[in-house]
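Sequence lines set the chain letters: A, B, ... in the order given, protein chains first and strands last, and positions in each chain run from 1.
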Amino acid sequence: METYRNRYSLDVTEDDYGKLITVAGWVEDIRNIGSIAFIILRDRKGTLQVTALKKNEPEIFKKIVAISRESVISVQGLCKKSDKARNGYEIIPQEFEVLSTAETPLPLGVVDKVESELDTRLDNRFIDLRKQEIQAIFKIRTAIIASVHDYLRSENFVEVHTPNIIATSSEGGTDVFKLKYFEKEAFLAQSPQLYKQILMATGLDKVYEIAWYFRAEEHNTRRHLNESTAVDVEMAFIKNEEEIMKILENLAYNMWKKASECKEELEILCKEISLPNLPFKRVKYDDVIKKLNDEGSKIAWGEDLGNEDERLLGKIMEDEGHTFYFITKYPIEIKPFYTMPEEEKYSRSFDLECGGIEFASGSQRIHNVELLKKRIKACDLNPKDFESYLKGFRYGMPPHGGFGFGIERFLMELLNITNIRECILFPRDRTRLTP
RNA sequence: GCCCCGGUAGUGUAGUGGCCUAUCAUCCGAGCCUGUCGAGCUCGGGACUCGGAUUCAAAUUCCGGCCGGGGCGCCA
């Protein structure tokens, strides 16, 4: 054989009928009927059938019926029109090569009639990902990320890559992963927050990063990962947070829209996606508290929304016809130190929520170094630990703001996936460090 | 970090002191079968998370470890 593959299963057309073609992939199933045997061969596009008759090709027949499921093979054969085969054609093998033999039994069935637990699937993620419905999640993920690049570049954002190994924790407070950096102590970045802010002092004005977030919090839920990804955006010369919210809602809309265009994948997942209306509803924190209290929540002003409250609000907003909505003007005391205060007790901050789940969190930032130091102290942190960050504010820092937008959370809500671990290839959670 | 629940063949499960030489399906192996497509049929294979305790007797009760699931807090 000159090549292992010159057609994918679903790319075969009527023009190929009667011709020699070469296909390759994984043996999904073998059905040996005695004098005739079928192989269901799977590649990234779908499956096709290889049909072998014992009397015509006894040698190939013998090899075919002996192969184990999920082995990798390449087959050259006659592409024959057939009403009995699902794709309308089948391959009559002339040459047959086993590229890799799968051991038996499989740790996880690809097309078995029993479900497997998520833990088993994650332990054998490479097999789990052979399922088209699992692949569909990541194909949609690719499409979403492509839309992030498309949209933000169309708005003249510059893509950046900031360090993941950093000297101080990004936002203080929450747990960070410690590591040894030669003779020094370092941390894994909780987010690119401090660096994307420093970049606002450069004149790049608009930056974004598809960033890794590392969080050492010992949570054990279906909504949390210790290593996750996000779209981080920061932009300068803004008058207020509304300018950032406009970018965010357009970004979210574009991501949602792009996902809705993944017809094949959505069909595999049996999902339908309807587009939200722009602009998204803005609700002030004060009004959120009122709404929640009216519905029986005991939340007091000044508290952050708990999980139950977030879900309740999601329901309330849904009833009012809003899937996506912003919660704005949070009390300054429940926001991180870099958040721009407003009036006495509020802040120029916002969260983007969808159906009771927080997708993104952002704000206008403080650009005055003295105010920033004051806020750092007020949050029980030491300005000395933030010296290299603060330096960026001393030699000309324009007003700026931005947000972080969790990609896995977004996918989860988009596709109604109940466990966030399904939305990332190799999840890192409280106990999982492999694969 | 706190609380609740669980761990039985490769994968999923049934079994809550003796009916267990542990159920069923899937899977794996052998055989039959010329159109399968959740193929069918026959035969075979394979498991009680680990350590300790209670008991005449433990998959089953108790204690501890390990592993897993869920919730809360925190967050994205």
Side-chain angles (χ1 to χ4, degrees), chain A residues 28-41 47-56 61 65-66 68-70 80 82-87 90 92 102-124 127-128 170-171 173-176 190-193 211-232 303-311 334-336 351-354 357-362 403-413 418-421 423-424 429-433:
Chain A
E28 189 165 285
D29 201 8
I30 303 154
R31 302 192 191 103
N32 179 5
I33 312 296
S35 299
I36 185 167
F38 306 96
I39 282 188
I40 307 303
L41 184 70
T47 57
L48 59 80
Q49 179 166 290
V50 176
T51 304
L53 277 167
K54 196 180 203 169
K55 65 172 186 193
N56 292 355
F61 186 91
V65 298
S68 57
R69 293 201 309 169
E70 294 304 318
K80 190 183 151 202
S82 166
D83 296 333
K84 291 168 188 161
R86 262 194 191 154
N87 304 8
E90 58 191 357
I92 312 300
E103 289 179 22
T104 58
L106 295 164
L108 182 71
V110 178
V111 288
D112 286 8
K113 292 149 204 160
V114 288
E115 292 288 307
S116 303
E117 287 190 352
L118 182 59
D119 192 51
T120 308
R121 290 172 40 210
L122 292 175
D123 279 340
N124 302 281
I127 296 182
D128 189 43
S170 306
E171 302 170 32
T174 50
D175 294 322
V176 288
Q190 201 188 313
S191 80
Q193 183 63 33
W212 280 108
Y213 284 12
F214 301 96
R215 311 243 159 135
E217 286 146 13
E218 299 199 23
H219 35 47
N220 200 336
T221 81
R222 7 178 225 109
R223 302 179 313 280
H224 290 91
L225 293 166
N226 291 289
E227 186 182 60
S228 67
T229 59
V231 182
D232 254 274
E303 283 175 1
D304 211 347
L305 270 63
N307 215 271
E308 218 173 285
D309 287 321
E310 253 187 332
R311 272 198 298 267
I334 54 172
K335 285 288 162 187
D351 283 1
L352 174 62
E353 309 251 334
C354 174
I357 293 208
E358 183 183 332
F359 276 173
S361 193
F403 59 83
F405 188 149
I407 294 171
E408 289 81 20
R409 282 274 176 91
F410 181 80
L411 262 176
M412 207 179 160
E413 182 63 21
T418 50
N419 196 315
I420 199 163
R421 281 163 257 233
C423 299
I424 191 161
D429 61 29
R430 176 66 187 85
T431 49
R432 181 175 288 279
L433 202 48

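Across all strands shown, G12(B) pairs with C24(B); the Watson-Crick or G-U wobble distances both stay below 3.5 Å. Nucleotide G6(B) has C67(B) as its partner under the Watson-Crick or G-U criteria, with both atom distances under 3.5 Å. For G40(B), the paired base is C32(B) (Watson-Crick or G-U wobble, both distances below 3.5 Å). Using N1 to N3 plus N6-O4 or O6-N4 for Watson-Crick, or N1-O2 and O6-N3 for G-U wobble, each under 3.5 Å, U55(B) pairs with nothing.
A donor-acceptor contact shorter than 3.5 Å links the side chain of N87(A) to the backbone of T47(A).
A straight line from CD of E117(A) to P of U8(B) spans 8 Å, rounded to a whole angstrom. Distance, R223(A) CZ to G73(B) C1': 10 Å, rounded to whole Å. I36(A) has its CD1 atom 8 Å from the C1' atom of U36(B), to the nearest Å. Taking atom CG on N419(A) and atom P on G68(B), their separation rounds to 13 Å, with Å as the unit.
The separation of G35(B) from G40(B), taken at their P atoms, amounts to 15 Å, rounded to a whole angstrom. Distance noted for atom C1' between C50(B) and U11(B): 22 Å (whole Å). Atom name C1', nucleotides C3(B) and U8(B): the rounded distance is 27 Å, in whole Å. Distance noted for atom P between U26(B) and U21(B): 26 Å (whole Å). Nucleotides U54(B) and G64(B), compared at atom C1', are 15 Å apart to the nearest Å. G15(B) sits 9 Å from U60(B) when the C1' atoms are compared, rounded to a whole Å. Taking atom C1' in both C48(B) and U23(B), one finds a spacing of 13 Å when rounded to whole Å.
Base contact: S82(A) has a heavy atom under 4.0 Å from a base atom. At a threshold of 4.0 angstrom between heavy atoms, the contacts of T221(A) include nucleobase atoms, whether or not backbone atoms are also involved. If you check every strand for non-hydrogen atoms under 4.0 Å, A360(A) touches sugar and phosphate atoms only. Counting any heavy atom pair closer than 4.0 Å across all strands shown, D119(A) reaches sugar-phosphate atoms only and no base atom. Residue contacts for R421(A): at a heavy-atom cut-off of 4.0 Å it reaches the sugar-phosphate backbone alone, with no base atom in range. At a threshold of 4.0 angstrom between heavy atoms, the contacts of L225(A) include nucleobase atoms, whether or not backbone atoms are also involved.
With hydrogens and angles ignored, a donor-acceptor pair under 3.5 angstrom links the side chain of K55(A) to the base of U34(B). Taking 3.5 Å as the limit, the base of U11(B) and the side chain of E115(A) contain no donor-acceptor pair of atoms between them. Between the base of G10(B) and the side chain of E103(A) there is no donor-acceptor pair shorter than 3.5 Å.
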What string of B, S and - do you get for nucleotides 39-49 of chain B, 5' to 3', if B is base contact, S is sugar-phosphate-only contact and - is no contact with any protein heavy atom under 4.0 Å?
-> B----------
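Residue R222(A) has no polar side-chain atom (N or O) positioned under 4.0 Å from OP1 or OP2 of A76(B).
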Let me see the working for D351(A) and K335(A) under salt bridge (Lys or Arg N to Asp or Glu O under 4.0 Å), right down to the final yes or no.
-> CA-CA 11 Å; D351(A) 283 1; K335(A) 285 288 162 187; 3.2 Å; yes
